[in-house]
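We name chains A, B, ... by the order of the sequence lines, and we start the count at 1 in each one. Being a predicted model, the structure only gives us computed values, none of them experimental.
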Amino acid sequence: MHSDTDASGDLVLDSRGRLALYLSVGLGAGAVIALQIDIMRVFAVGNWTHFGSLVVSLAMLGFGLTSAVMAIATEWFSRNWRLMAGLGLGLMGPLAVGANLFIQQLGFNPIYLVSDPHQKWKLAEIFLASLTPFLGGALFLGCVFLKSNKTFGRVYFADLAGSGLSGLVFLGAMYVFPPVDLIVAPLILWFVACLAFSFLPGAKLARAPFVVAALVAFGAHFVVAPTLGLSRLAVNDYKGASYARRLPEAKKVFESHSPFGFLEAYTTSYLHFAPGLSDNAGFNLPEMPANAYMGLYIDSDGPIGIMRHLSAKETAYFHYLPMWYPYVVKPAPAKTFITQFGGGISTEVALAAGAKDVTVAEGNRAILAAFHGDVIKGFTDDILSKVHVVDYEGRHFLQQTSEKFDVIDLSLADSTGLSNPGGFAVVEKFPYTQEAMETYMRALAPGGVLAVTIWNKEEPPKSVLKLYATMAAASRDLDGDKMADSFFVSSSYLSTATVLYKRGGFSEDEIAKLRKHTHDMSFDEIYSPGLFYDGSQTDRTLDGYVAQFFSAPVNGPPGSDKVSGDATAPAAASDPTAPDDNAPPGAKADEGVLPSTVMGRLAWHSFVDGGWDKIADRYVFNTRKLTNDFPYFAAYVKTKDLPQVLSDPDRLEPLQDEWGYLLIWATLGIACVTAAILLLIPLLWGWRTFFARTPGKALSVVYFACLGAGYIMVEVGLIAHFVMALGNPTVSASVLITGMLVFSGLGALTSEKILGVKRVAMPIIFVVIAAMLTGYALYLNVALDAIGSLPYFTRLLLCFLFIAPPAYLMGFPMPTAMTTLGRLGKQHLFIWAWGVNGCFSVIGAAAAPVIATNYGLGAVIEIAALAYFIALPSFFGVLAERKTA
Amino acid sequence: LRRRDFLAGAAGLAGGALLPRLAMANVPTPFTFDLTPPMDSKEKFIAWGVKERGEDPVYLGERFDRFLAMVRNEDIWDERHKRAFLLTPREKFVLQQNLSRAYEHAFLDIGYGVTISGPHIVGRMTSTIDPKKGEKVLEIGTGSGYQSAYLSHLTDDVHTIEIIKPLAERTRGIYDALAKDGYAEFGAITSKNADGYYGWEEAGPFDKIIVTCGIDHVPPPLLQQLKPNGVMVIPVGPPGAQRVLKVVKNQAADGTITVARSDIYGGRIVPFVPFTKLEGDTIKGTHNN
């Protein structure tokens, strides 16, 4: 044993040594967190963000794996801790760079994940490569923890505070470095951690190898990779920006990077934007404007169309866009509000319609900055100078303003969605929730019109039904008796759908105008006051859609028996366009009305006349309305259908736009299985030896499992919640990581003071945490909604304040229990408990989005509260004293 | 890396190492609109394909298996379309690394962020526009070249436009190499590298238009270049989550033009094709079993 350890093996350090230790732990843990965020950012820009989360979640199992091995060989690691900690830490940097370079050369293509077996292997290689730096980090932290049994609270404080502050460091780094070089942030943290470690007694010799490791890491990223032509951030061929780069004459004219995204703008005459343009434009317009567009890409996704300033003649085609609808009944409105500026198309349409006073809101500050920059400002003839600009979410502005508007627009602000590297992300869409819709509706002037247009490219319809259900619910809450007269809905098949709402109801004259416009545009009328719905199509449509996915005929499609074995025989239905009695199960074209149109009409009919709940039950997909608690255009596959869908590749392929949702289930499954295996290893290995003399082990496992899952679920759940106030998931994640971990670190530091009264203090703390979290689950949304219109810095500060109380208290349970284990001499359980905590963190992180999409964001926090409540009685298992042999 | 991904169809460019294969690729019997392969047995088809078209028996076998599945799923509807599918060597249009999967149902990567659509969807789209000999067809998005090659067995007037220059050149190279090899019908395909949004005004109007790339609206120039009562099909949505829109340009007796939208299933709800259950030449069930 080295001379700087006490009789129980704990490190004994002077003040300089302690500072070195805490700095190395804090910065090392910070590097781990920064590397996680970096991997997710690189995946978001280069590939598909969900796979970044998947890879990072699973890579964090590296902590579980390390703990399992260390629990088995605790004594060996205790003897060789300095070497192993130094090795783990020293390798982390080069491994992070090496793993990234390896992953970027693989050419992983998620869209072929089901059809191409190679892609699954590539995903496995990505996971294994990503695991390696985390193994290094875990080995370092595990060894240090092992030598800090009795003073765990302080080391844990350094761990949490360092991790937390790295969230802020990374936030700042996103302003400085483009995504390709963001790895510099974790590398710098790592290298300083290495240097700090080398100041520990007996670790001076490691300084030179650390410097060599740093040269290797930085050199590989900045010199070797560019020299050898190795990609450091390979953007998937199927990302929108990749298409733009391949277009002739494509020229990147703008680029910026910040926490609000990596923005690029390209110009080429080959870009054409007219989202949802009526087909009739082709016969009524002499020509479309040429060289009129710039494509804006955020994190390589897009394009979001930006238009150059068009002459009056060139804007003729605006009449044929679905965004024109509100101006059919409200020509030249006095006051217009655009809730999401996006690329500016709705704003251009409003100005072309003669809107006199236009206010636009845009929550993404990077977009506004881009439009204030010379290039886009010149291209658009400084469109922002022609309107009032609100630099935060439109819903928050409308919530606090006394202004009323004649037209409020929320139209196709997002990307055109032409490309897709593997599915649509499950992201919070707070501007489309029932609460947001009610805010928009309330902000209408008498006779004002709210117009919402979204993409309608799904068959069977999915997102449009959610939008319909949400808007109908909002109206029902606001002025239910007038709901039947307040809506006009139209859609264009496989194009767009527009819902118009007029508070107080449309007049007959207005309905006539809207119907004529719909006819002139060849759009389909889905709902208007008094529209007749033919109920005879209901069963056929609903049953047909279910049959489409879940009960294809046993012997193949109709007529197959007639051609079976004789390929030359004429097919039974030689012309599928001609409805016939042998038609496949489900609805047929009925008087030219398509099933999706029937479904839209059925939905509105049942909103108005009642019975929607039963219809929604029978519909093939989930059509639950969006609320602040369920802000998702996702999770369409009903939970009961998941086993069928996930077990059959045939069903997976046509649901590729649901892969984001299905992947979170798959992540949870993989995390559970892997964590179970990792936890069982030390248990089986050591059951008859070191665990036999460790009382309270079952309760201890429950305790650390609850802490692991509970803590991360609060963190992940609150990240999603805070997007509402902060408007951006990256900023929200950084704020949450920093706030949670730093305040918890302070809790950990304070926890030493209650060690003497832990039997009394800890139950109280658990009850307060559970109560506080339950309160947050119920009321946090209201608070976050309320602060949304405050200046951004104030919002950030308030978010930190919201986080502080529970985070501080949540810092107590882990170090209190770990220190107790250490002082009771339960070394094997000590290191294993750390692993249990880590494994359940992974499970909790994977479970949080599953719970959020199925039971709501509040449920995530409520379940976390329950976990802390269960931890209360389990704590007494931790306190059980060790039997003597 | 993509540049190294040469196509099997461009075997003529690949050098002496592939000579035995080149010998197999010579086409003894040139294409005519009367050329009809046997359709009643896999063995007869393979024997015919080897003898008359000089093609690889392995791919011929796979093609016939997929043919049976497509007929069964009503993706090809009549003799002309059946013949067109059987005469089109899909393996010549996929990347080397995907050769073994050329006749699988799935779409495959061909580089440049572009896919070659699965055979079922190609068959269904082609059947929907149903080009007849002499009809002028425009394809927007040449891509791998397979779609136009398929079309060339239905009509002798195929035009195709590709926006990505290196891809347009690569595919033209494949057509020309195959034409030299005896597939004269591919040499007759007219192609150019341009922005398909504007169609091909000098060559129009067209009886049928088939768009094989995504866009956020139907380009007005294409509707203008479509003949009255012409049909256009367009995939909507990103790869992997696409639906195919069918647009019919109707002209009433008074000359009024309207456009009708539906999908390629004629507005019917149809079960998804049980793709992966094809084993050899036998279809082993559907989603239910």
(request) Could you tell me which of T597(A), N280(A), L494(A), T496(A) has the largest number of non-hydrogen atom pairs under 4.5 Å with chain B? (result) L494(A)
With a 4.5 angstrom heavy-atom cut-off, is it the side chain or the backbone of [X] that approaches chain B, or both, or neither?
{"X": "Y112(A)", "value": "side chain"}
{"X": "S522(A)", "value": "side chain"}
{"X": "D116(A)", "value": "both"}
{"X": "L277(A)", "value": "both"}

(message) Heavy-atom cut-off 4.5 Å, strictly under: side chain, backbone, both or neither for L108(B) against chain A?
(response)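 Backbone only.
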(request) Give, as side chain, backbone, both or neither, the part of A260(B) having an atom under 4.5 angstrom from any heavy atom of chain A. (result)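 Contact with chain A: none, neither part.
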(request) Taking atom types as modelled, find out whether Y243(A) and D237(A) have a side-chain donor-acceptor pair closer than 3.5 angstrom. (result) no
(request) State whether the side chain of Q224(B) and the backbone N or O of F283(A) hold a donor-acceptor pair below 3.5 Å, judged by distance alone. (result)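 Such a contact is absent between Q224(B) side chain and F283(A) backbone.
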(message) Just checking K192(B): does its NZ atom have more than 12 heavy atoms from other residues, nucleotides or ligands closer to it than 6.0 angstrom?
(response)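 Enclosed: over 12 neighbouring heavy atoms sit under 6.0 Å from NZ of K192(B).
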(message) Check this for me: K165(B), atom NZ, are more than 12 non-hydrogen atoms of other residues, nucleotides or ligands nearer than 6.0 Å?
(response) no
(request) List in chain and number order the residues that pass salt bridge (charged side-chain N to carboxylate O under 4.0 Å, His left out) with R172(B), two or more places apart in sequence or in another chain; answer none if no residue qualifies. (result) D176(B)
(message) Under the rule for ring pair (Phe, Tyr, Trp, His ring centres under 6.0 Å), what residues qualify as partners of Y619(A), not counting sequence neighbours?
(response) Y545(A)
